[in-house]
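In each ligand, atom 1 is the first atom listed, and ligand 1 is the first ligand listed.
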Amino acid sequence: MRVGILTGGGDCPGLNAVIRAVVRKGENVYGHQLVGYRQGWRGVLDGDVIELTVGATRGLLPRGGTLLGTSRTNPLEREGGVAAVQATLARDRVDALVAIGGEDTLGVAAELGDHGVCSVGVPKTIDNDLSATDVTFGFHTAVQVATDAIDRLQTTAESHDRVMVVEVMGRQTGWLALWSGLAGGAHEILVPERPFDVDEVCDRLRHRHAGGASYSIVVVAEGAQLAGASLRVQAAGVDEFGHVRLGGIGSALGPEIEARTGYETRVTILGHVLRGGTPSAFDRILATRFGLAAIDAVHDQDFATMVALRGIDIVRVPVADAVRTLKTVPDALLEDAAVFFG
Ligand code: F6P
């Protein structure tokens, strides 16, 4: 078989580890030929393809980013996009694709399946918001980077008796904010799932400081919203999947806290730092196992599936199911976190 690989959406640590595993097993075990499309679905639309061999993919395991590049191109939004995808795959004699991405990239793969494009999906995103898998690769690394940052902010916050607002990514879900906030001992965690009231946040901070604390750490997900208002801070622009670019809620929140409490407050936006650099050991292993399972599924011609982690097993699930609902943070976990607030 000839198998194409693409990485779409925001990058995350572990993408290269998946590519390496797909190529290694595809070539060495199954004798398949592998090619890579550059910049996600854009490369398939434009016919931008490179050969991928075991030799060309050595040393990739610890490397962040993606050898293939990525984009948020949506072929279904382009005039003649489906036909262009079909034409490229026919030209390159590619029988099937391994599509590595989040809900957008995999949603395209699911729809293209109805047009005869065979694919197997691999779930990635630092947001960890895909419901069909226990966890996506990239998340664990991002949590560790955020936790390291929070640890550092704890000591400088304590030295200066300050409130530190730390903004992390998380467009629609608060997994990253919650996990890093719990691991870093945050005193307030604000997530998109539960709109917040600034006065209530300030009351809890006052209570904490009245009890003897001299500083506080507030972790806020970029997609967190004020209750009853629409302070969902966003930069200009919408991508081809209709997502606004978020970022800046921390900058809006910090001065509000300072004005209402009188506590000196500083804001740190971690942003894309969370997505860069080498994957953690956990993500290297998960990405590797996903890659091996994906090429197995391709070899079995078990298309329109996505590989997923369930417990310690890698399983196959229908890709359409995998992108149907977002995995949001359950109330019970937010209640656990709240034990440490105030
Ligand atoms: O990949 C998910 C994500 O990291 C979100 O958390 C964030 O909102 C978005 O990507 C940022 O995208 P971009 O890199 O295009 O600014």
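- Here is the list of ligand 1 atoms found below 4.0 Å of a heavy atom in G170: 6 (O).
- Tested against H187 for a ring pair (Phe, Tyr, Trp, His ring centres under 6.0 Å), the candidates F341, Y215, F340, Y263 yield a single pass: Y215.
- Heavy-atom proximity to atom 12 (O) of ligand 1, evaluated over M169, R72, R171, is greatest for R72.
- Scanning E222, R275, K124 for the heavy atom closest to atom 8 (O) of ligand 1 points to E222.
- Nearest heavy-atom pair, S216 versus R208, reported as atom, atom and distance to 0.1 Å: OG-NE, 2.8 Å.
- Annotation: H272 places an N or O atom under 3.5 Å from an N or O atom of ligand 1; distance criterion only.
- L178 and I150 fall within a single hydrophobic cluster, where Ile, Leu, Val, Met, Phe, Trp and Tyr are joined by side-chain heavy atoms under 4.5 Å apart, directly or via other members.
- Put simply, the side chain of K25 never gets that close to the backbone of A293: no donor and acceptor are under 3.5 Å apart.
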